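Right, one structure below, let's go through it.
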Amino acid sequence: MQVYKLTQYVRKVCNVYEKSLPLHAVKTHKTDIMEYDFREIEQRWQKQWRDSGLYKVDNKSDKPKYYVLDMFPYPSGAGLHVGHPLGYIATDIYSRYMRLCGYNVLHPMGFDAYGLPAEQYAIQTGQHPEVTTEKNIARYKEQLGKIGFCYDWDREVRTCDPDYYKWTQWAFRKMFNSFYCNTSQKAQPITDLIRHFSEKGSADLDVAQSEELSFSAAEWNNMSEHEQQQVLMNYRLAYLADTKVNWCPALGTVLANDEVSEGLSVRGGHPVEQRVMRQWSLRVSAYAQRLLEGLDRIDWSESIKDTQRNWIGRSEGAEMQFKVAGKDLEFTIFTTRADTVFGVTFMVLAPESEYVSHVVTEDHRQEVDEYLAWVRRRTERERIADRKVTGVFTGSYAINPLTEKEIPIYISDYVLAGYGTGAIMAVPAHDSRDYAFARHFNLPIIPLIEGADVSEQSFDAKEGVMMNSGFLNGMQVKDAIAAMKQYITEHGIGKVKVNYRLRDAIFSRQRYWGEPFPVYYKDGMPYMIPEECLPLRLPEVDRFLPTETGEPPLGNAQLWAWDEKKQCVVESRKAKTENGVYPLELCTMPGFAGSSAYYLRYMDPHNDSALVGRQANDYWQQVDLYLGGSEHATGHLIYSRFWNKFLFDLGLVCKDEPYAKLINQGMIQGRSNFVYRYIGEGATGNLYVSFNLIDQPQYKDKVQAIHVDVNIVKNDVLDVNAFRNWMPEYKNAQFVYSDGTTDEDNPYIGMPSEKQYICGWAIEKMSKSMFNVVNPDDMVERYGADTLRLYEMFLGPLEMSKPWDTNGIDGVHRFLRKLWNMYENITEEEPSADELRSLHKLIKKVTWDIEHFSFNTSIPAFMIAQSELQKCSKRAVLEPLAILIAPYAPHLAEEMYHRCGHDTSVCDAQWPECIEAYLVEDTQKYPVQFNGKVRFTIEVPKDMSREEVEKTVMADPQTDKYLQGATPKKVIVVPGRIVNIVI
RNA sequence: GCCGCGAUGGUGGAAUCGGUAGACACGAAGGACUUAAAAUCCUUUGACCAGAAAUGGUUGUGUGGGUUCAAGUCCCACUCGCGGUACCA
């Protein structure tokens with residue numbers, strides 16, 4: 001008895017062990033059918049493709065071009081999980097399909113290799129970020145390589161490669177030397193502006209600028225070089241300015257708006273505070289209107305276009321001047337509700353507004369200073385979390401230009417310095433924020449729209465008939481806005497103005513691992529390193545932390561000064577001692593610098609005289625299909641469009657939009673599993689209750705859910721031994737199994753028994769901390785790349801988020817094996833009509849699916865065709881079938897195609913054409929409905945007329961049964977579809 | 001709050017033009033093969049009701065209305081979930 005149980009135990013342990021082995025390794029040998037040895041097949045073909053350069057792409061071809069791009073991955077230390085390749089598989093399918101359709105397809109891959117995580121890791125471990133980055137990239141490439149993508153690796157780019165960042169620096173230099181002309185609506189060389197200044201000063205100028213300056217030509221010409229440079233900074237597209245920035249103390253750097261979410265850094269979740277610092281910025285706002293208009297001409301999802309429209313935030317309104325009572329001072333506000341001027345009962349300035357110091361009266365100074373200090377102390381996060389009304393009276397009054405009444409001027413942080421003019425006219429009756437403020441400070445609220453009840457809340461809608469508004473009374477809101485705009489323009493009180501929410505991008509990072517700026521400082525004034533000296537290489541530092549004096553990490557570099565004469569980098573200390581040697585910029589560029597134009601570099605990756613050669617750019621034009629996550633909507637996808645438009649203005653690229661079509665893939669979520677630790681009375685912390693029991697009275701609310709590694713759970717059944725071995729704290733775990741028995745009822749502790757421990761589950765983000773990460777390598781190892789590719793697509797629609805559950809993968813693996821078995825003995829027989837119908841049905845379906853990016857629906861179509869053609873071994877069917885599946889399962893397809901007698905790659909075959917004639921069936925099935933309910937179906941000849949179908953149905957004996965003697969009111973026959981009899 | 005997306009069996013999902021809802025796959029149950037297990041194959045599988053069975057019926061796509069001969073699909077109102085964004089004047 002004992003002996004028997006022991007052998008049984010040994011066997012079961014072996015089985016558990018075998019489960020983790022590749023399928024083919026445990027398969028018994030079968031002699032009747034050939035084995036699907038996916039490992040051998042995949043490795044052989046991957047080598048063959050590599051050796052033959054099958055995926056090398058040429059910039060010259062008679063074929064039409066097609067450019068497919070995946071979003072630039074950041075090579076993280078964690079490697080890829082199964083969610084990452086989803087989009088890459090989709091684009092790979094599309095690329096292979098387009099190649100089969102006769103296109104010259106560019107499908108490159110590279111790495112966004114600069115970034116915070118590698119540097120944080122360097123700070124912690126002292127390892128150079130270059131070393132870890134190199135290692136991570138190698139790992140990524142290995143993982144990607146196993147999945148069988150058709151990337152042309154000769155075109156790989158890395159943002160941290162000097163040959164690459166040379167062009168990032170080069171573009172920055174160009175931006176520095178450009179300004180944006182509003183009249184021509186494009187970037188122009190700064191030399192044009194200098195000429196204008198020397199001829200006309202600031203007159204007749206309509207350009208993008210930080211602030212409005214006014215000077216004559218004479219004044220300009222009398223300025224020192226230093227002063228002129230200072231003025232020019234107001235117009236450059238890459239400019240240095242004191243800006244209110246998001247400072248993240250934990251990361252020791254400034255972050256862009258899109259890198260901050262709810263007051264925390266997106267990377268790492270550290271608190272962020274506001275600070276004023278001298279930073280490089282890119283004048284993205286100059287392009288706001290073009291970025292907005294461009295959206296109408298590109299094929300992107302409506303949701304991402306909407307996100308960008310909101311981010312750009314165009315609003316049409318008016319700027320108006322308000323005089324300050326008793327002072328020779330007026331200030332400007334921006335409003336979209338010019339119609340509400342008669343209801344303005346107070347004014348509000350942003351705490352940072354430059355007007356503040358001018359309007360504060362002596363007796364209010366202390367109170368105001370205290371308030372300003374308090375506002376400054378608050379972090380961004382506190383401000384968002386705590387929305388209570390705060391503010392302070394300045395002691396001054398403004399004069400309403402229409403009512404001539406005096407109204408108090410307040411300061412409050414609900415008015416933002418960075419938007420409009422940093423000052424507003426408050427209309428409490430029709431703006432909820434002004435309303436809350438007015439209520440708090442007991443300020444008057446004057447309703448301006450008939451029927452609006454403002455006793456409880458403001459009436460914010462832009463509709464209704466005006467009242468209490470002088471000459472506007474009786475007008476509709478829309479008309480009143482127009483009328484008021486005209487009035488203020490004519491009376492010189494203000495002007496019509498369009499405002500954008502989009503702000504300039506802060507471009508400096510106080511970090512090491514990024515592109516160095518090609519900039520040195522002469523008397524604090526920045527100068528560009530000559531173009532021919534690029535790239536300016538990232539120097540070595542001995543530590544990656546800020547210097548003792550608080551300078552960025554590059555301050556630690558020994559070799560980091562510019563010798564203007566020798567035109568080279570020299571020892572940092574010489575900047576203090578030698579003439580003609582100047583300090584170099586210590587900040588580096590942000591993450592989006594290197595990813596803004598990478599798609600252009602892929603077109604011509606080895607060109608050392610241009611970012612992209614004219615010919616290469618003319619050939620590839622722009623990205624035809626871009627696929628990636630929607631999280632880049634307000635970051636990369638705006639910057640990249642901006643960067644491209646700038647290069648377009650300079651005549652360096654031929655298209656003003658980089659990505660013609662954009663698809664956002666959904667996220668692959670994790671499916672987490674849980675065990676339930678008993679924490680009730682007498683708990684030892686060692687007892688785990690099966691999921692199906694946790695609602696029973698003795699366990700209810702007495703268990704604690706704990707994440708368990710999904711890799712030791714199958715179909716929600718826990719491998720209890722693997723669990724005990726998983727972590728030391730679970731070594732002595734005891735279980736209450738699904739049938740209520742415990743380990744004590746099962747004397748052989750440690751023996752896998754029939755008793756099952758059922759785990760709970762939840763759909764969560766795929767992450768290490770949830771123990772739900774599934775690795776693509778493991779999937780390739782166990783099932784093969786082709787199975788993984790198919791299963792990733794099979795999971796659901798590309799654009800939708802969906803959970804990963806490894807359990808379903810067996811189904812597609814079985815399908816591939818069955819498909820493979822059809823190719824054993826291929827014959828030259830003529831296919832039957834049925835076989836041709838199955839094949840051409842499939843051709844039609846798969847072609848439609850790929851063209852509509854509906855990859856998930858193709859897999860069932862293949863499965864159905866496989867089962868219909870199970871017995872077919874005819875080359876005339878099997879060969880096109882191999883081509884059809886080639887985009888999805890390239891290794892297997894290659895093998896099958898060669899078995900059909902070819903010695904060239906299936907990649908260069910021709911996509912089969914659907915011949916409609918084969919699809920035609922001679923009969924047609926009609927579901928017959930009575931009052932919309934299907935009762936039976938009839939089968940009639942295909943070409944039967946509507947009348948005859950009706951006659952046939954009415955003559956059918958089953959019809960009498962459902963009519964029950966009644967006469968039909970109406971019989972609807974939809975040819976080829978349905979019959980509905982209305983009684 | 002605002003904007004966008006979504007909701008279909010135990011699970012992932014299908015239904016592409018308003019025309020047989022639940023294809024395909026997983027899971028589950030039962031069976032065959034096997035000393036045994038794995039693998040493989042076969043059958044059943046939305047729910048409910050009737051029947052020994054064949055089968056027949058009712059109900060059913062987040063909720064409530066509507067349009068239509070016919071609605072998962074179109075219209076109106078709402079609920080919940082996910083993502084983005086937030087004093088943007």
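Just so we're clear, the structure is a prediction, and the values are computed from it rather than from any experiment. Letters go in sequence order (proteins before strands), and every chain restarts at 1. All heavy atoms count here, side chains included; hydrogens, waters and symmetry mates do not.
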Going by atom type alone, with no hydrogens or angles, which donor-acceptor pairs under 3.5 Å involve a side-chain atom of residues 789-800 of chain A and a protein atom two or more places apart or on another chain?
| from | atom 1 | to | atom 2 | distance (Å) |
| --- | --- | --- | --- | --- |
| A/R789 | NE | A/Y888 | O | 2.8 |
| A/R789 | NH1 | A/D92 | OD2 | 2.9 |
| A/R789 | NH1 | A/I147 | O | 3.3 |
| A/R789 | NH1 | A/G148 | O | 3.2 |
| A/R789 | NH2 | A/D92 | OD2 | 2.8 |
| A/R789 | NH2 | A/P887 | O | 2.8 |
| A/Y791 | OH | A/D805 | O | 2.5 |
| A/Y791 | OH | A/G808 | N | 3.4 |

Report each atom pair, protein N/O against N/O of nucleotides 69-76 of chain B, whose distance is under 3.5 angstrom.
| from | atom 1 | to | atom 2 | distance (Å) |
| --- | --- | --- | --- | --- |
| B/rC69 | O2' | A/N980 | ND2 | 3.2 |
| B/rC69 | O2 | A/N980 | ND2 | 2.6 |

ask   = Is it true that the NZ or CZ of A/R501 lies under 6.0 Å from the centre of A/W311's six-membered ring and within 45 degrees of the ring axis?
value = yes
Inter-nucleotide P distance (B/rC49, B/rA36), Å rounded = 38 Å
task = Scan residues 856-871 of chain A for pairs that pass salt bridge (Lys or Arg N to Asp or Glu O under 4.0 Å), counting only residues two or more places apart or in two chains.
result = A/K841-A/E868
query = Could you give all pairs that pass the salt bridge (Lys or Arg N to Asp or Glu O under 4.0 Å) test and reach residues 301-310 of chain A, with sequence neighbours left out?
reply = A/D296-A/R309, A/E302-A/R309, A/D306-A/R309
ask   = Taking only residues two or more places apart in sequence or in another chain, which ones pass salt bridge (Lys or Arg N to Asp or Glu O under 4.0 Å) with A/K844?
value = A/E916
ask   = Given pairs defined as Watson-Crick or G-U wobble with both distances under 3.5 Å, what dot-bracket annotation applies to RNA chain B, with ( ) intrastrand, [ ] crossing, | other strand and . unpaired?
value = (((((((..(((......[....)))((((((.......))))))(((((....)))))..(((((..]....))))))))))))....
For nucleotides 24-27 of chain B, tabulate all protein N/O to nucleotide N/O atom pairs closer than 3.5 Å, reporting atom names and distance.
| from | atom 1 | to | atom 2 | distance (Å) |
| --- | --- | --- | --- | --- |
| B/rC26 | OP1 | A/R814 | NE | 3.3 |
| B/rC26 | OP1 | A/R814 | NH2 | 2.4 |

remark   = Expected list for residues 850-858 of chain A near RNA chain B, using heavy atoms below 4.0 Å, is A/N856, A/T857
query = Salt bridge check: are A/D716 and A/R671 linked by an N-O gap of less than 4.0 Å?
reply = yes
task = Can you tell me, in whole Å, how much space there is between the C1' of B/rG57 and that of B/rU67?
result = 29 Å
ask   = Of all residues at least two apart in sequence or in a different chain, which pass the side chain to side chain contact (heavy atoms under 4.5 Å, CB included) check with A/N715?
value = A/N807
key: Selection residues 338-348 of chain A - residue pairs positive for side chain to side chain donor-acceptor pair (under 3.5 Å), sequence neighbours left out   = A/R337-A/D339
task = Please state the C1' separation for the pair B/rG22 and B/rA15 - nearest whole angstrom.
result = 9 Å
query = Of all residues at least two apart in sequence or in a different chain, which pass the salt bridge (Lys or Arg N to Asp or Glu O under 4.0 Å) check with A/K388?
reply = A/D386
ask   = Using the P atom in both, what is the distance from B/rA39 to B/rG27, to the nearest Å?
value = 9 Å
Return all side-chain donor-acceptor pairs below 3.5 angstrom for residues 926-934 of chain A, not counting sequence neighbours, or 'none' if the list is empty.
| from | atom 1 | to | atom 2 | distance (Å) |
| --- | --- | --- | --- | --- |
| A/Y926 | OH | A/G976 | N | 2.8 |
| A/N931 | OD1 | A/I983 | N | 3.0 |

